2 protein chains.
Amino acid sequence: MADIKSQANPLFLTEDEIRQGIELLFYAYRDFTSDPDEILAAYGYGRAHHRVLHFVNRSPGMTVTQLLAILRITKQSLARVLGALIEQGLVRQDRGARDRRQRLLYLTAEGEALERRVSAPQRDRVARAYREAGAEAVAGYRKVLAGLIDERDREGVLKAIERR
Amino acid sequence: MADIKSQANPLFLTEDEIRQGIELLFYAYRDFTSDPDEILAAYGYGRAHHRVLHFVNRSPGMTVTQLLAILRITKQSLARVLGALIEQGLVRQDRGARDRRQRLLYLTAEGEALERRVSAPQRDRVARAYREAGAEAVAGYRKVLAGLIDERDREGVLKAIERR
DNA sequence: ATTTTATGTCAGCCATATTGACTTATTTCC
DNA sequence: GGAAATAAGTCAATATGGCTGACATAAAAT
């Protein structure tokens, strides 16, 4: 039916097809992160702050350990970023009720406002790409990206993403 | 036919669907870059070196200006990385024949060998994800990622990626 | 009671990026 | 032919976001 060469054939993947898939991911990620980066720079924050705002907003009450596992950075690295956000009243910490060692993380109203402002163009970008590509393409996008995640924690990540 | 809620409906995108698309990209990119990072660390190189090796390998004879446009970094940032690769015999520079101001970039045999070694697990990861997702999903993946690229240079990027 | 876990903190280091200023060689344009 | 623009390189200073190692405290688990 379709031109064989132009189709991604699952039984015969050329090195070139793979390379294209790699480069597309590079370019998409490059531009996908550029919007928040620009906005945050004006506030004196960076990409690392955005990631914290995003995931705390997404899972209010998450622990520091959970956040570290998601970001895959050391607690010393997180400390500087998280400390700044707490100090400036964008993130709040509560002791865990069940486990009082834990510090549960929440965005303050101000933190939520900044998160929304910073992620707005990023959401718009994804929404536009989704609309233009169509529902079927979006399903494929999700399927392939999920397959790129390390297998050992793929299930957990997908569960976390889809939870609600 | 299918459950409406589980489908990405192009006419009614919920904020949650968008957020999931954002997070999937974050996780996929995080793991996608982890393989080369680990290998390169053993050689005393970093992610920036890998990007140079990748794109010079992909487009032998490209100019410094072209590389800067792709990476979206300053020439001072590139200088350190590119300088190290040249110094250690992984990248070679030739004067442009048409424009002698240009320095055309090529990988040496050694550079090609390292590029292959470093990108191998990354290629394997993408190949596996492609095979498991199937041809239709791959087409969707490509469509959405292309839509995430800045519109002003989307056409140029796609042309560059698909050229061969 | 001991060990493990969750979190925090100090200190030092490295990689990657930035801005700004300036140089050299070459091409392009008038 | 001369001025302006372009391609590339370089020096200096700075910021950001990571890292390792060492150590401390509180609370939970064994």
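All values below come from the heavy atoms of this structure, side chains included, with hydrogens, waters and symmetry mates left out. Quick caveat: nothing in here was measured; it's all calculated off a predicted structure.
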From the list D:dA8, C:dA15, D:dT16, which nucleotide is the closest neighbour of the side chain of B:Thr63?
D:dA8
Of the listed nucleotides C:dT16, D:dA7, D:dT16, the one nearest the side chain of B:Thr65:
D:dA7
How do A:Arg72 and B:Val64 order along DNA chain D: which one's closest nucleotide is nearer the 5' end?
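Counting from the 5' end, the first nearest nucleotide belongs to B:Val64.
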Are A:Gln20 and B:Arg142 side-chain neighbours, meaning at least one heavy-atom pair lies under 4.5 Å?
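The answer is yes; the side chains approach within 4.5 Å.
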Would you indicate what B:Gln93 reaches in the nucleic acid, counting non-hydrogen atoms under 4.0 angstrom: base, sugar-phosphate, or nothing?
sugar-phosphate
Quick one: label A:Arg80 by what it contacts on the DNA or RNA (base, sugar-phosphate, nothing), any heavy atom closer than 4.0 Å.
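Base contact - A:Arg80 has a heavy atom under 4.0 Å of at least one base atom.
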I'd like to know whether the aromatic ring centres of A:Tyr29 and B:Phe26 sit less than 6.0 Å apart in this structure.
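No, the ring centres sit 6.0 Å or more apart.
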Kindly check if the number of other-residue, nucleotide or ligand heavy atoms within 6.0 Å of CZ (B:Arg128) is above 12?
yes
Rounded off to whole Å, could you give me the [atom1]-to-[atom2] distance for the [X] and [N] pair?
| X | N | atom1 | atom2 | value |
| --- | --- | --- | --- | --- |
| B:Leu82 | D:dG9 | CG | P | 7 Å |
| A:Tyr45 | C:dT18 | OH | P | 22 Å |
| B:Ile73 | C:dA15 | CD1 | C1' | 12 Å |
| B:Leu105 | D:dG9 | CG | P | 8 Å |
| B:Asp37 | D:dG17 | CG | C1' | 14 Å |
| B:Leu78 | D:dT10 | CG | C1' | 13 Å |
| B:Asp94 | D:dA7 | CG | P | 18 Å |
| A:Glu87 | C:dT9 | CD | C1' | 14 Å |

Is a donor from one side chain sitting under 3.5 angstrom from an acceptor on the other, for A:Gln122 and A:Ser119?
no
Quick check on [N]: is either OP1 or OP2 less than 4.0 Å from any side-chain nitrogen or oxygen of [X]?
| X | N | result |
| --- | --- | --- |
| A:Ser77 | D:dC19 | yes |
| A:Thr74 | D:dC19 | yes |
| B:His49 | C:dA15 | no |

Can you check whether B:Met62's main-chain N or O pairs, donor with acceptor, with B:Ser59's side chain at less than 3.5 Å?
no
Is there a donor-acceptor pair under 3.5 Å between the side chain of A:Arg154 and the backbone N or O of A:Ala146?
yes
Separation between CG (B:Leu158) and CG (B:Asp153), nearest 0.5 Å, reads 9.5 Å
The contact string for nucleotides 22-30 of chain D, one letter per nucleotide 5' to 3', using protein heavy atoms under 4.0 Å with B, S and - for base, sugar-phosphate only and none, comes out as B---BBS--
